[in-house]
Amino acid sequence: MRLRPLALLSAAALLATTTACVSTPEETRPQPRPSVSKEEVTPIETPKGAPEVTVVDSSPGGEKDADPLWQGLAEAAEKKTEAYLKVYVHAGNPEVPDSGEMTVTADTPDSVSVTVDAENVDDDLSPFLLIHGTFEVDEIGSSAYTLKTVDAEDIPELDPKGPDDKTRCTADDAQERIGLAADDLAEDPGRREEFRQQWGGSPKVWWGIQKTAISLGKEGGVAGDFLTEACGEYLQ
């Protein structure tokens with residue numbers, strides 16, 4: 001079943017925590033695949049001197065096998081190596097203190113918790129928090145890690161080069177292109193890295209695509225609220 005077009009998601013849907021999937025005679029028929037132009041992707045090259053573990057991504061939260069942040073932290077802790085992170089975490093609306101440490105946890109059940117210097121956390125895209133910098137990583141529990149800042153500077157060469165959230169959400173073919181990406185990722189999770197390079201430049205939309213794909217993969221239903229939240233401020 002294809003996602004409902006973003007343009008049809010009303011303001012009321014922004015308040016919903018889930019979107020029910022109700023079959024109609026039209027929906028049970030095979031849906032034509034949207035026709036969109038091919039994504040243009042600029043290859044990401046890791047610069048010399050970058051840490052062995054790098055995670056530049058939007059975390060979908062939840063279990064380790066679906067969360068690149070958790071996987072990267074586990075690898076760095078096991079290898080006792082530094083990790084470079086530039087990761088957006090949907091964490092609700094926690095207050096970021098001016099100094100000291102804070103713990104960042106995605107507002108999805110069974111998510112990893114990360115304790116980090118508050119100076120390395122930005123809330124410019126609240127309710128998404130951005131953890132960024134190079135860190136030493138210590139595992140302090142089965143789903144909890146502490147980070148010690150080694151370098152607060154970003155490595156821009158590692159950033160995906162695609163369009164930003166506003167461009168993605170306001171494009172003429174936004175509903176077809178974003179919905180198709182979620183469908184395709186649900187059908188083939190092994191293509192995740194390909195999609196990250198295509199969509200990582202729009203971190204909120206990339207989060208919505210992942211969350212929707214995970215919902216479709218696990219439940220076979222539509223979770224349109226994730227995509228609505230990702231693009232909500234641009235659809236007023």
Side-chain angles (χ1 to χ4, degrees), residues 41-91 94 96 100-125 128-162 185 188-207 209-211 213-214:
V41 181
T42 302
I44 300 172
E45 297 184 4
T46 302
K48 293 182 179 180
E52 178 181 353
V53 176
T54 63
V55 185
V56 181
D57 219 317
S58 295
S59 166
E63 299 174 356
K64 180 180 179 180
D65 61 358
D67 184 6
L69 172 60
W70 194 338
Q71 294 167 14
L73 294 172
E75 180 183 356
E78 180 181 358
K79 294 181 176 179
K80 300 186 183 303
T81 189
E82 296 173 357
Y84 171 75
L85 306 179
K86 189 174 184 181
V87 181
Y88 289 88
V89 178
H90 192 285
V96 178
E101 294 183 332
M102 69 174 297
T103 299
V104 178
T105 308
D107 54 2
T108 299
D110 303 318
S111 295
V112 67
S113 293
V114 183
T115 300
V116 59
D117 291 330
E119 295 178 353
N120 293 86
V121 180
D122 292 339
D123 60 357
D124 293 344
L125 292 185
F128 293 85
L129 297 181
L130 173 62
I131 302 172
H132 62 113
T134 300
F135 306 94
E136 293 179 356
V137 181
D138 288 319
E139 183 177 8
I140 59 173
S142 60
S143 61
Y145 295 82
T146 59
L147 306 182
K148 180 180 178 181
T149 305
V150 175
D151 191 338
E153 295 297 319
D154 289 344
I155 306 175
E157 294 90 341
L158 292 173
D159 293 348
K161 306 303 189 292
L185 182 59
D188 189 357
R191 295 176 62 192
R192 186 185 187 282
E193 174 59 18
E194 172 189 344
F195 282 99
R196 181 190 74 87
Q197 294 192 35
Q198 293 174 358
W199 292 89
S202 47
K204 294 194 294 183
V205 172
W206 174 223
W207 169 85
I209 288 171
Q210 293 179 83
K211 294 288 288 184
I214 290 170

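Count residues from 1 along the sequence. Scope of the values below: all heavy atoms of this structure, side chains included, with no hydrogens, waters or symmetry mates.
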In the structure I gave you, are the side-chain heavy atoms of [X] and [Y] within less than 4.5 Å of one another anywhere?
X	Y	value
V56	Y84	yes
Q198	I209	no
H90	D107	yes
I44	R196	yes
L85	N120	no
T149	E119	no
L130	V121	no
P68	S58	no

Distance-only, no hydrogens or angles: does the [X] side chain make a donor-acceptor pair with backbone N or O of [Y] under 3.5 Å?
X	Y	result
T115	M102	no
Q71	K64	yes
K80	E78	no
D67	L69	yes

Gap between atom [atom2] of [Y] and atom [atom1] of [X] - 0.5 Å precision:
X	Y	atom1	atom2	result
L73	F135	CG	CZ	9.5 Å
L185	R191	CG	CZ	8.5 Å
E82	L147	CD	CG	11.5 Å

Can you name the nearest heavy-atom pair linking [X] to [Y], along with the distance?
X	Y	answer
V53	G72	CG1-O, 3.5 Å
S113	T105	OG-OG1, 2.8 Å
G201	P160	N-CB, 3.6 Å
I214	P60	CD1-CB, 3.9 Å
V137	A76	CG2-CB, 3.9 Å
P156	K161	O-NZ, 3.9 Å

| message | For the CD atom on E75, are there more than 12 heavy atoms of other groups (residues, nucleotides or ligands in this structure) within a distance under 6.0 Å? | response |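 Enclosed: over 12 neighbouring heavy atoms sit under 6.0 Å from CD of E75.
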| Within 6.0 angstrom of E101 CD, more than 12 heavy atoms from elsewhere |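 Enclosed: over 12 neighbouring heavy atoms sit under 6.0 Å from CD of E101.
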| Intermediate values then yes/no, side chain to side chain contact (heavy atoms under 4.5 Å, CB included), W70 and S59 | CA-CA 9 Å; W70 194 338; S59 166; over 6 Å; no
| query | Is the closest basic N to carboxylate O distance between K148 and D138 below 4.0 Å? | reply |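 Salt bridge: no.
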| task | Determine, step by step, whether L158 and T46 satisfy the side chain to side chain contact (heavy atoms under 4.5 Å, CB included) criterion, reporting the C-alpha distance in whole Å, the side-chain angles of both residues, the deciding distance to 0.1 Å, and the verdict. | result | CA-CA 6 Å; L158 292 173; T46 302; 3.9 Å; yes
| field | Ring centres under 6.0 angstrom apart (Y88, W207) | value |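 For Y88 and W207, the ring centres are not under 6.0 Å apart.
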| request: Could you check whether the rings of W206 and F195 sit parallel, tilted or perpendicular, using 30° and 60° as the cut-offs? | output: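 Taking F195 first and then W206, their aromatic rings lie parallel (interplane angle under 30°).
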